[in-house]
Amino acid sequence: MGEKMHTNEFYQPGEVVYIIIRNPHAQDVAHVQQAAVVENPEQNGELALFIHENYFPLTEEFAVYKSAEEAEEAYQVAFGLPETEDYYG
């Protein structure tokens, strides 16, 4: 597992953040996803990301952004622009 972030310095429970997440069934598919920072129900005193009804420990494995615009910019740098103009994601 990834190294734990010093999350209390950067994030607070209840905060909405954005991450770039890969589809677990198709690793070449990724998109920007909204997530909530919450107290980790499995590890007392640690924070987690709540996404799709699941908790993920907030570690350095996730690129976490404070705004959707920041996440979209990072996505475009990492994956380029969509090939079709009417792509929404």
Side-chain angles (χ1 to χ4, degrees):
M1 238 200 235
E3 236 177 270
K4 293 177 187 157
M5 299 176 79
H6 298 286
T7 54
N8 293 338
E9 296 174 25
F10 302 108
Y11 305 102
Q12 297 297 318
E15 194 171 352
V16 174
V17 295
Y18 299 84
I19 64 168
I20 298 172
I21 191 167
R22 287 189 182 270
N23 181 325
H25 305 291
Q27 285 295 307
D28 60 338
V29 176
H31 64 277
V32 173
Q33 175 69 48
Q34 186 178 29
V37 176
V38 298
E39 292 189 30
N40 190 338
E42 298 170 3
Q43 289 290 335
N44 202 13
E46 292 184 11
L47 296 179
L49 295 170
F50 186 66
I51 312 160
H52 300 296
E53 305 296 321
N54 291 300
Y55 295 94
F56 298 91
L58 188 51
T59 66
E60 290 182 353
E61 289 180 4
F62 290 98
V64 181
Y65 302 92
K66 295 272 187 178
S67 73
E69 292 80 19
E70 284 180 291
E72 291 290 344
E73 285 178 26
Y75 177 90
Q76 290 176 11
V77 168
F79 299 99
L81 293 172
E83 291 183 22
T84 60
E85 289 184 22
D86 37 310
Y87 173 82
Y88 297 99

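- Ile21 contributes atom CD1, which lies 6.0 Å from atom CZ of Phe62 (distance to the nearest 0.5 angstrom).
- Taking CD of Glu61 as the reference point, atom CD1 of Ile19 lies at 11.5 Å (rounded to 0.5 Å).
- Here Leu49 contributes atom CG and Glu15 contributes atom CD; the two are 10.5 Å apart, rounded to the nearest 0.5 Å.
- Two residues are said to be in side-chain contact when any heavy atoms from C-beta on lie closer than 4.5 Å; Ile20 and Phe79 meet this criterion.
- Of all heavy-atom pairs between Tyr65 and Ala74, the closest is OH-CB, 3.1 Å.
- When every heavy atom of Ile51 is checked against every heavy atom of Ala35, the shortest pair comes out as CG1-CB, 3.5 Å.
- Classification of the Phe50-Tyr55 ring pair by plane angle, with boundaries at 30° and 60°, yields tilted.
- How far CG of Leu47 is from OH of Tyr11: 10.5 Å, rounded to the nearest 0.5 Å.
- Contact record, Val16 with Gln34: CG1-NE2, 2.9 Å, taken as the closest heavy-atom pair.
- Atom CD of residue Glu69 and atom OH of residue Tyr18 lie 7.5 Å apart, to the nearest 0.5 angstrom.
- Around CG of Asn44, the count of heavy atoms belonging to other residues, nucleotides or ligands within 6.0 Å does not exceed 12.
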